[in-house]
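Following: one structure in structure tokens, then a few remarks.
This structure is a prediction, so every number in the text was calculated from the model and none was measured. Here is the naming used below: chain letters follow the sequence lines, and residue numbers restart at 1 for every chain.
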Amino acid sequence: MTVELVLLITLVSGVLAYFAGRYNKLYGAVVTIVASMFVFLSVAYMAQDINSGTTFNYNAVEFLPDFTTFTVSYLGIFFALLVTFVFAMVSFFNPFFVDKYKYPAVYSMLYLFSLAGVLGVFFTDNFMVLFFFFEFIVWSGLFLIPLGKSKKAALSYYAFSTAGSFALLYAIFIMRDVTGTYNLYVGLGTVSGTTEGTYVMILLAFAAFAKLGAFPLNVWLPRALGKAPDAVTAVFSGGLEKLGAFVAVLALVKLAPIGDIQGVFGSYTDATFMFASQYIIATLGAMTIVFGTLMAIRQDDAKKLLAYSSMSNGGYILVALSIGGSVGLAGGFYHIIAHALASAAAFLAIGAVSRVTGTTKMSELGGMIHKMPVTYMVYLIAIISMAGIPPMGGFISKWLIFQAVIDNGLILIAVAVFFGSIGSFLYVFRPLAALFLGQELPQHREHSKEAPLFMLLPMLILSVLIVYTGVMPNAILGFINNVMAELGVNALNLGSYTVNGTSGVLQPTLIASVFGVGVLIAFIIFIVLKKSKKVGLMDTYTAGNFIYTEELMHYSLDFYAPLERLYEKYITITEDFYKKLENKVVDFGRMVKYFFFTNKPEITVFWIIVIIGFLLWGDL
Amino acid sequence: MVDMLLMILAGIGVAFFGFVLQTSIAGVNRKVVARIQKRYGPKWYQEFLDIFKLLSKRSVTHGWIFDFGVIMALGGIIGTAMFMPLTSTLMAFDGYDNFFIFVYLIAVGMLGMAMSASGSGNPLASIGVMRALTTMLAYEVPFMIVVLTIIKYTGTSSLGELGLFQQLAGNNWFIIALPLGGIVAVMALMGMVGKKPFETYIAPAEIASGPMVEYGGKQLGMLFIMHEITVFIEVSLFVHLFLGGAETVLFFIIKYFIVYTILNIISSVYGRFKIDQVVLFFYKWPLIMAVTQAFIVIYLGWVI
């Protein structure tokens, strides 16, 4: 099984899904399930091969042009395994959502096309191929997002992604200019430490920021994720956003860092030593964490809230990758996994609710737990991981990231990291309280029921994995050690059950079992005492008022109002900046039109001649 | 396997010890506060009587999440307390008393309680939970920065080792060695244990005790136990981090008693902040002081 073959099968099944979808919507969706499961399994098979040390000839297909080379590296496998898994899990949702879209057949096709793009990006060692598949994903996304609620969201996504793609393209051109080859590893290796390396670093970082939705390129993320179809949102947050993390690894780890600050600050850098480039990116990552958290706290739409949480978690990944070292890098990679699983599960749970109620606005929902208990449990496990609470996966990664931050003595970044960590309790709890708990609203009481088994299946698998990553992280951390060895970083020190950080030891299995013992004791106390009488939700203490409508007894609108009031004046700063930028671009366009494209053609011709003359100066 | 069981039993013993210790000291403190207010005050074991009375009473429930949340809350807190070292060398799980476990495992209990309270369907409970989480956002960041300073300075995040570090340095407690950080930590501790002026989330006369409004009987009794153990964890954290740990259990109890009593005395002369005032308060001076302290220790290397 070669990479080309898998790619080809994915693309062909994409076309097949289109025709099947034209025949019957459902068949198209079923094709996406089969194809994405197949892709995931073949990537898993490759992972097994690379673990056992088997080498392949991955250039077996004769008819492809010479430069189209693919290679299987640990780094590629790591990302591909994760993203294809998210695609495979989310695909189970497709049959239940296709009838909501205007063009169901196109949806099924584009879903598989973006999957093919993912494979191409992670498995190539050629920059032009990387760029091609990068754009392939952008274009698929451009047509996937408008199938949801809004067309403008897709434009915003496209604008930022294209800016990122162009940055990537220029970086490729610079490397091509220096090395004369499009090979990824040769290119990155050669420019490291040179002046060109600085430009490449900046451009690649720009591309990574655009894809991750990190500050200051964050505007598209909540718009696109909030408005895209429910299944696409899960794929974007759990999968496609991780492309940004991949590019960030290229920029931050594969390239030699720039800006030795030790010479400038002397002995003050003994405690904390980072290169200037890494420090700037870590600072931007920290700002991403804070802004994402603050914005997530004040959202009313559950999907937008989770979108901002994705942004904030992207900030964690950037901070961890830029700090580097074995603990920081392992934390970053583990956070990529933990966040992908948790956000996919959370988005799927919200999607399941939106399927029966038709809304994701928290102010219009309440008490869904009584009809959808399993979905609730899935969401609960996902948010425990997102908030970084043991015994879930998010705790391990956050613990590693904290270690790295503390060990480097990065005080201001630590403020952001801790703020984001505590802030995540606030925002993830909000959908829990407003959407799932609280009063059961009458408008959803009749027709809402638990999601069908086929939809629960991927959610439950994701939940089991979230718990697994929190209880037994060592197998996955071992794989991450392989990835880090390939990147030339020292391995994280692992015991048989323990994880060793720089300033302490963690035994996740012990924490989970002690927590289990605690719950068991509490359960015994609870069960031996007298049984309680069940009363309705409206039968509550109201300080003597008589309230008979559920809405009045449901506290969900502006949940954190006192906190929001403190910063609501400043929330539109980034959006305003881009608005102003847009106006400036339009103004510039008008000016160009005024000078060069007047209604007198001779002026236009004159300028064209002047410009051509300028360009050809010296040659003539 | 047997080792493991013994360790777990020891852990349960620590949690039980914490419960008894904190409940007794809380009872004594009710007397202390009463004397400040020129009252006689209840017997020192009144807290025990309250809890056992509640546990024996018949109560109402608002659905399975209401009960499940209470179990998760008490379970999470008992689990956290099992890791707590009593002296700097006496603990159930030797070597695993990592600081971050306490900060984050305690959050499971908090989440369980918040979930249960919201599940009751009472808006006052949800408001209380909102305020509790907002208060947490306020006090946690300055506190974590101070702890960052300590961990960076000593190179370990194990509570026992941190206590030993201070004892080996000639009882150079961090509350003295890091004076700015020590003040911040006291303020953060006031927020953690919910003492005035940071008790906005309970606010009995304003939002009917907030998260607790719907509880009665065994659920309330279990949440009382949970509250006592939570306070035990938080005050012990302070003792181990800032007061040089403890050489013997007796020292631990004395230090613990002094810290908790001082908190109560401070608390009894203050009014209550509004919730946005709590946030503004902590993000002004405590945060500035914590960052200054961290800067002084990490970059300049000045420690008293």
Side-chain angles (χ1 to χ4, degrees), chain A residues 268 271-272 369-370 384 387-390 395 399 402 406-407 409 411-412 414-415 418-419 422-423 425-426 429 432-433 437-439 503-507 510-511 514-515 517-523 525-526 529-530 532-535 537-538 540-541 543 553-555 559-560 562-563 565-566, chain B residues 8 11 55 58-62 65 67 71-72 74-76 78-79 82 93 95-96 98 100-101 104-105 107-108 111 114-115 118-123 126-127 129-130 133-134 136-137 140-141 144-145 148 151-152 155-158 208 213-214 217-218 222 275-276 279 291 294-295 298-299:
Chain A
Y268 290 123
T272 162
I369 181 175
H370 301 284
I384 291 179
I389 301 173
F395 173 64
W399 184 74
F402 290 162
I406 292 176
D407 190 45
I411 303 164
L412 294 177
V415 172
F418 293 140
F419 179 82
I422 309 295
F425 296 166
L426 270 77
F429 185 72
L432 197 78
L437 300 172
Q439 293 291 338
S503 62
V505 187
L506 196 71
Q507 192 174 6
L510 179 72
I511 296 175
V514 166
F515 174 59
V517 170
V519 170
L520 188 70
I521 295 171
F523 182 72
I525 295 177
F526 183 84
L529 296 170
K530 280 184 196 147
S532 321
K533 191 178 122 206
K534 176 106 170 60
V535 293
L537 284 169
M538 289 297 285
T540 50
Y541 172 76
M553 288 281 275
H554 187 50
Y555 178 64
F559 200 81
Y560 294 109
L563 182 63
R565 271 203 294 274
L566 296 177
Chain B
I8 286 174
L55 288 179
R58 193 170 269 281
S59 64
V60 294
T61 172
H62 287 278
I65 195 66
D67 297 337
I71 295 171
M72 187 169 143
L74 183 56
I78 291 176
M82 283 162 75
F93 304 98
Y96 300 114
N98 201 301
F100 292 100
I101 294 178
Y104 281 88
L105 195 55
V108 180
L111 182 69
M115 204 166 81
S118 288
S120 71
N122 192 324
S126 292
I127 291 173
V129 170
M130 175 273 279
L133 288 170
T134 311
M136 192 169 168
L137 183 72
E140 201 83 29
V141 175
M144 293 290 265
I145 296 298
L148 172 144
I151 295 177
K152 171 72 182 164
T156 174
S157 57
S158 148
V213 57
E214 275 307 307
K218 65 174 173 183
M222 286 168 75
I275 188 68
D276 42 350
V279 177
V291 169
F295 188 82
I298 294 172
Y299 291 96

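Counting heavy-atom pairs under 4.5 Å between each of A/Leu510, A/Leu432, A/Val517, A/Leu506 and chain B puts A/Leu510 at the top. Note: B/Val60 leads B/Val60, B/Leu74, B/Ile78, B/Asp276 in heavy-atom pairs under 4.5 Å with chain A. In terms of heavy-atom pairs under 4.5 angstrom with chain A, the leader among B/Ile101, B/Val129, B/Ile145 is B/Ile145. Of the listed residues (A/Val535, A/Ile511, A/Ile369), the greatest number of heavy-atom pairs within a distance under 4.5 Å of chain B belongs to A/Val535. By number of non-hydrogen pairs under 4.5 angstrom with chain B, the leading residue of A/Gly518, A/Ala522, A/Ser503 is A/Ser503. When each of A/Leu412, A/Val415, A/Ile384 is checked for heavy-atom pairs under 4.5 Å with chain B, A/Val415 comes out on top. Most heavy-atom pairs under 4.5 Å with chain A: of the set B/Met136, B/Met115, B/Glu140, B/Met72, this distinction falls to B/Met115.
Interface remark: B/Ser157 contributes backbone and side-chain atoms alike to the contact with chain A (heavy atom separation under 4.5 Å). With a threshold of 4.5 angstrom between heavy atoms, A/Ile521 approaches chain B through side-chain atoms but not through N, CA, C or O. Residue contact with chain A, scored on non-hydrogen atoms closer than 4.5 Å, involves the side chain of B/Met82 exclusively. For chain B, the nearby part of A/Phe429 is the side chain; its heavy atoms alone come within less than 4.5 Å. Proximity to chain B involves both the backbone and the side chain of A/Phe559, based on heavy atoms less than 4.5 angstrom apart. The parts of A/Leu529 that come within reach of chain B are both its backbone and its side chain, each placing non-hydrogen atoms under 4.5 angstrom from that chain. Contact annotation for B/Met222: only side-chain heavy atoms (C-beta onward) come within less than 4.5 Å of a heavy atom of chain A. For B/Phe295, the parts sitting under 4.5 Å from any heavy atom of chain A are the backbone and the side chain alike. Contacts between B/Ile8 and chain A at a heavy-atom distance below 4.5 Å involve the side chain alone, from C-beta outward.
Taking the six-membered ring where the residue is Trp, B/Tyr104 and A/Phe402 present tilted rings, their angle falling between 30° and 60°.
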Next item on the list: List the steps, then state whether side chain to side chain contact (heavy atoms under 4.5 Å, CB included) holds for B/Leu137 with A/Phe419.
Entry: CA-CA 7 Å; B/Leu137 183 72; A/Phe419 179 82; 3.8 Å; yes

Item checked: Derivation of the side chain to side chain contact (heavy atoms under 4.5 Å, CB included) call for B/Ile151 and B/Phe100 -> CA-CA 11 Å; B/Ile151 295 177; B/Phe100 292 100; 4.1 Å; yes

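Once rounded to the nearest 0.5 Å, the distance linking NZ of A/Lys534 with CG of B/Asp67 reads 9.0 Å. The structure places NZ of A/Lys530 at 10.0 Å from OG of B/Ser59, a figure rounded to the nearest 0.5 Å. To the nearest 0.5 Å, the span separating CG on B/Asn98 from CG on B/Leu105 amounts to 11.5 Å.
Remark: the backbone N or O of A/Asp407 is paired with a side-chain donor or acceptor of B/Lys152 at under 3.5 angstrom. Counting only distance, with no hydrogens or angles, the side chain of B/Tyr96 and the backbone of A/Gln507 share no donor-acceptor pair below 3.5 Å. Counting only distance, with no hydrogens or angles, the side chain of B/Tyr299 and the backbone of A/Gly409 share a donor-acceptor pair below 3.5 Å.
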